[in-house]
Each structure stands twice: as structure tokens, then as C-alpha cells.
Asker: 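Handing you a structure now.
To find a chain, count down the sequence lines: A is the first, B the second, and so on, and within it residues start at 1. Just so we're clear, the structure is a prediction, and the values are computed from it rather than from any experiment.
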Amino acid sequence: MKSWITNWVASCLSHADREAVLGDAAERGTPVLRDVLSVLLWREARGWTTAPPWIALLTLVLPLGFVLSLVARAWAAGFAGMFWIYFNNWTWVYLTNPGARYDVLFDFVAPTSLHIFCLVLWSWTVGCALRVLSRRAVGSNAALLTGVVLVATLGTTTMGMLNPGNAVVFSSAVYRVGIPLIARIAFVLVPMWCGAVSENSAGWWWTAGRTAATATLIGVTFGQVAGVLVSGWIPTNAVQSHFGSTMFRLATRFQGWWAVLPLLFPLALAWPSAYLLIQARRHRLDLA
Amino acid sequence: MLGEYEYLLLSATARLGGDAYGAAIREDIERVTGGPCSAGALYTTLDRLEQKGLIETWMGDPTAQRGGRSKRMVRVTAKGAREAAAFYRTITEASKGIVWKPSTGRARS
């Protein structure tokens, strides 16, 4: 187990560093994990003496961590409701009846797949942007982003979870906590870390294609993502027992100039891919 | 001007000559200072000195003693030698006429 952890941590070092540090530890007989962690932490700490990690923290980690956490939790609550309908109450009629088949396909499979694809693509793009913008402190910024994604929704709930009609689903901790947590780990954190630690830089056409896909998906889900700020982040201590009055309070939450805020929410998701596109364009011009 | 740890590293590298690499430099610094020298401090300082052009590093051949892994070999450049000499002159000049008394925590001129 310890050797597996050591190898995994050592894989975060460059090839040359790994050779030197692991070889030194073998020669001196010092604990390998301690030496590897020491090099990693010193490198990360040194990275924070420059501006890019701080810019990444303020423009990527905090805003995008918040957006991805809220959107993933809200959509996972939707997955949970569908899982409950189709797995807890499974009947072959879902497949034998043409109307039920249509519902399975267009109310469950299609929207769930779209949401999963969106989360994976956006999170991976954020990881790639972190790597490009904050190369020397990418590990600590990715760790901070992980923390933001996991804690941003603490002490809050969603409209779907509050709805008395869904009480039977969310009375189970598996649906209330388990599925939203698994969704955030599998569809946000894993792709984000993959993008952050990847050593390959994407080419111009690949980056342009990813930007186009990101923009298209933001356009397709714009209303849903904007709505998450209204209905997906309700402080638990502000919830009233009567669902109708809670809905009324939420409906009046963003008025006047504040009404712009939910519209900015999905646009924040476009920033990492726009940044990567600008960097790829600059790199391409440098090569030309 | 060099930092104290940078000077220690340059001195250890110069002393070790052709045998200067990560583990050997670390042992030399620990012997001179009598304290521990972390791998992180060593390798980040090597990076910084290399960026300043004060040392050159390259990967050596793998050895069985190191589990088949390569050494990061180090050599002081001419610029590094000039900086180290300037640091030594400054410290020597600053210390002239002073005798430190560790037992009392004072100095006597």
C-alpha cells in the first residue's frame, strides 16, 4: 500500500526529478515517500511566489469550483430521482411499452448522458486551464479546487430535494448524499485532475474543437445552469417548512440588477476554454 | 548576492568536484552544518541556481547502488564561482575584528 502511494506521488514529479530523488533515497536509505513529498511541497511552495497561481486561484479555482459544485449537485439530484424511478421501481413495462420506452430514452438516458458529458468536458477543461495557467503550482491549486467542489454546497439544499413530492427519494442517504457525492467525484474531480496532471498539450485544432463543444453545450444548457443559482443553492437554515412560500422567496431572490447574476453563472464556464484557445492561438503564431 | 543556503550548495558542489550530485551534496551540507538538509530544499535551490546560470546540471548514468536510477550531476559555472567568491569576501569582510561569544549571545570586537 505504502509503495503504491509512493509510486503515485512520485508520478507527479517530472521524469528527471523522479530519477534523481528516488535514486538518492535508495542510495542514502532515507524514507522515499518523505523525500518525494519534500520535493513536491517545496516546488509547489516556490510556485506560489509568482503571480500565475494566485491568478488561477482567483479566476479558476474559486469561481469555477463553486459553479461546478452547484451544477453537479443539482444535476445529480436529478439523476437520483430518475435512478429511483427506474431502478427502485423497475418493471419490464419500461421496455415493452412504446410510450414508456420513449420516456426512458428522452426523460432519463438522453438528459443524464448530456449532463454527464457536460460536467466531464467542463471539468477536464478547467483542469487543463489550471495546468497551463499555473504550471508550477498546479497540484496545490487542483487540491484547493477539490476542496471547493466538495464544500461549496455544505449547509444548502436544492429545490428538487425540498419538493415534498420527492421526499420518498431523498429520505434515503444514498440518493440525498451518496449519488451527488459520487457524481462530483466521478464527473468533476476525476476529469479535472486528469486535465491538470496530463503532460500532453493539445494542438490548435483540438483546442478549437473543444472550445466549440464547450460553447455549444453552454448554449444548450444555459437556462438549466443559470437556474441552478436560483434553485440549487438554498441555505438549509433559510428553508421554510411550507414549500410554496419557499418557492415564492426563491422567485424573488434575484431582482433588479441582481437578475444579471444567474446569467453570468453559465458564462463563467466558457472562460477556461476561451483562455486555452487564446494560449493555443498564441503558441501557433509563435511557431509560424 | 547569494543566499546562505545557495552558498553552502555551491561550496559543497565545488568541494565534491566531478562527484557532485544530489545525494552527495546533501550529505556534504549535513556534515558541514550538522543539521538535516531536505530533498525539497536541495532540488528547488538547484533549480534556482541553474536558472541564474550559477550551476549546470545533467543526468548521469544509472547505477545499481541507486536501484538503476540516474544521478543529477552538478557543476559550478564560472559565473557561479565569481558569485561564491564575492559572497565569501563580503562575509569575511563583515566578520573582521569580531569574535562571536555563543555562550553569552554577544560579540566582542
Side-chain angles (χ1 to χ4, degrees), chain A residues 1-54 56 131 133-144 197 199, chain B residues 2-6 8-9 12-13 15-16 18-76:
Chain A
M1 180 68 181
K2 194 179 174 188
S3 114
W4 180 83
I5 294 172
T6 305
N7 287 337
W8 182 75
V9 176
S11 71
C12 299
L13 294 171
S14 69
H15 176 71
D17 274 347
R18 205 160 46 233
E19 286 287 300
V21 175
L22 296 183
D24 284 359
E27 186 180 327
R28 284 166 53 94
T30 50
V32 183
L33 185 60
R34 193 187 68 187
D35 280 2
V36 172
L37 280 175
S38 165
V39 173
L40 273 176
L41 293 175
W42 272 82
R43 286 264 155 82
E44 288 287 324
R46 192 174 166 225
W48 286 91
T49 59
T50 57
W54 295 99
R131 170 169 49 82
L133 178 55
S134 155
R135 188 176 294 277
R136 289 165 75 183
V138 67
S140 43
N141 256 327
L144 285 169
V197 301
E199 288 185 6
Chain B
L2 290 176
E4 171 202 326
Y5 190 76
E6 290 174 329
L8 282 173
L9 209 153
T13 305
R15 193 162 26 246
L16 289 163
D19 293 328
Y21 65 95
I25 295 170
R26 211 172 146 190
E27 267 173 30
D28 192 87
I29 290 174
E30 285 176 348
R31 182 184 58 77
V32 169
T33 61
C37 168
S38 76
L42 176 79
Y43 281 104
T44 46
T45 309
L46 282 179
D47 292 345
R48 193 166 61 241
L49 290 175
E50 190 165 31
Q51 274 174 7
K52 290 181 183 175
L54 306 184
I55 58 166
E56 286 169 350
T57 73
W58 69 99
M59 297 309 288
D61 294 328
T63 64
Q65 187 197 8
R66 297 168 56 82
R69 298 198 180 267
S70 306
K71 296 172 179 174
R72 183 173 174 186
M73 306 300 296
V74 187
R75 178 169 52 215
V76 179

Asker: Using only distance, no hydrogens or angles, which N or O donor-acceptor pairs sit under 3.5 Å between chain A and chain B?
Answerer:
{"from": "A/Glu19", "atom 1": "OE1", "to": "B/Ser70", "atom 2": "N", "distance (Å)": "2.9"}
{"from": "A/Glu19", "atom 1": "OE1", "to": "B/Ser70", "atom 2": "OG", "distance (Å)": "3.4"}
{"from": "A/Glu19", "atom 1": "OE2", "to": "B/Arg69", "atom 2": "NH1", "distance (Å)": "3.1"}
{"from": "A/Ala20", "atom 1": "O", "to": "B/Arg66", "atom 2": "NH2", "distance (Å)": "3.3"}
{"from": "A/Asp24", "atom 1": "OD1", "to": "B/Ala23", "atom 2": "N", "distance (Å)": "3.4"}
{"from": "A/Asp24", "atom 1": "OD1", "to": "B/Arg66", "atom 2": "NH1", "distance (Å)": "2.7"}
{"from": "A/Asp24", "atom 1": "OD1", "to": "B/Arg66", "atom 2": "NH2", "distance (Å)": "3.2"}
{"from": "A/Asp24", "atom 1": "OD2", "to": "B/Ala23", "atom 2": "N", "distance (Å)": "3.2"}
{"from": "A/Asp24", "atom 1": "OD2", "to": "B/Tyr43", "atom 2": "OH", "distance (Å)": "2.3"}
{"from": "A/Glu27", "atom 1": "OE1", "to": "B/Tyr21", "atom 2": "OH", "distance (Å)": "3.2"}
{"from": "A/Glu27", "atom 1": "OE1", "to": "B/Arg66", "atom 2": "NH1", "distance (Å)": "3.0"}
{"from": "A/Glu27", "atom 1": "OE2", "to": "B/Tyr21", "atom 2": "OH", "distance (Å)": "2.3"}
{"from": "A/Arg28", "atom 1": "NH2", "to": "B/Glu30", "atom 2": "OE1", "distance (Å)": "3.3"}
{"from": "A/Arg28", "atom 1": "NH2", "to": "B/Glu30", "atom 2": "OE2", "distance (Å)": "3.4"}
{"from": "A/Asp35", "atom 1": "OD1", "to": "B/Arg26", "atom 2": "NH2", "distance (Å)": "3.3"}
{"from": "A/Asp35", "atom 1": "OD2", "to": "B/Arg26", "atom 2": "NH1", "distance (Å)": "3.1"}
{"from": "A/Ser38", "atom 1": "OG", "to": "B/Gly40", "atom 2": "N", "distance (Å)": "2.7"}
{"from": "A/Arg43", "atom 1": "NE", "to": "B/Asp47", "atom 2": "OD2", "distance (Å)": "2.7"}
{"from": "A/Arg43", "atom 1": "NH2", "to": "B/Asp47", "atom 2": "OD1", "distance (Å)": "3.3"}
{"from": "A/Arg43", "atom 1": "NH2", "to": "B/Asp47", "atom 2": "OD2", "distance (Å)": "2.4"}
{"from": "A/Arg46", "atom 1": "NH2", "to": "B/Gln51", "atom 2": "OE1", "distance (Å)": "3.2"}

Asker: Please look at B/Ala24 and chain A and tell me whether the side chain, the backbone, both or neither of the residue comes under 4.5 angstrom of a heavy atom of that chain.
Answerer: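 The answer is neither part of B/Ala24.
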Asker: Relative to chain B, which segment of A/Leu22 carries a heavy atom at a distance below 4.5 Å: side chain, backbone, both, or neither?
Answerer: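 Both parts, backbone and side chain.
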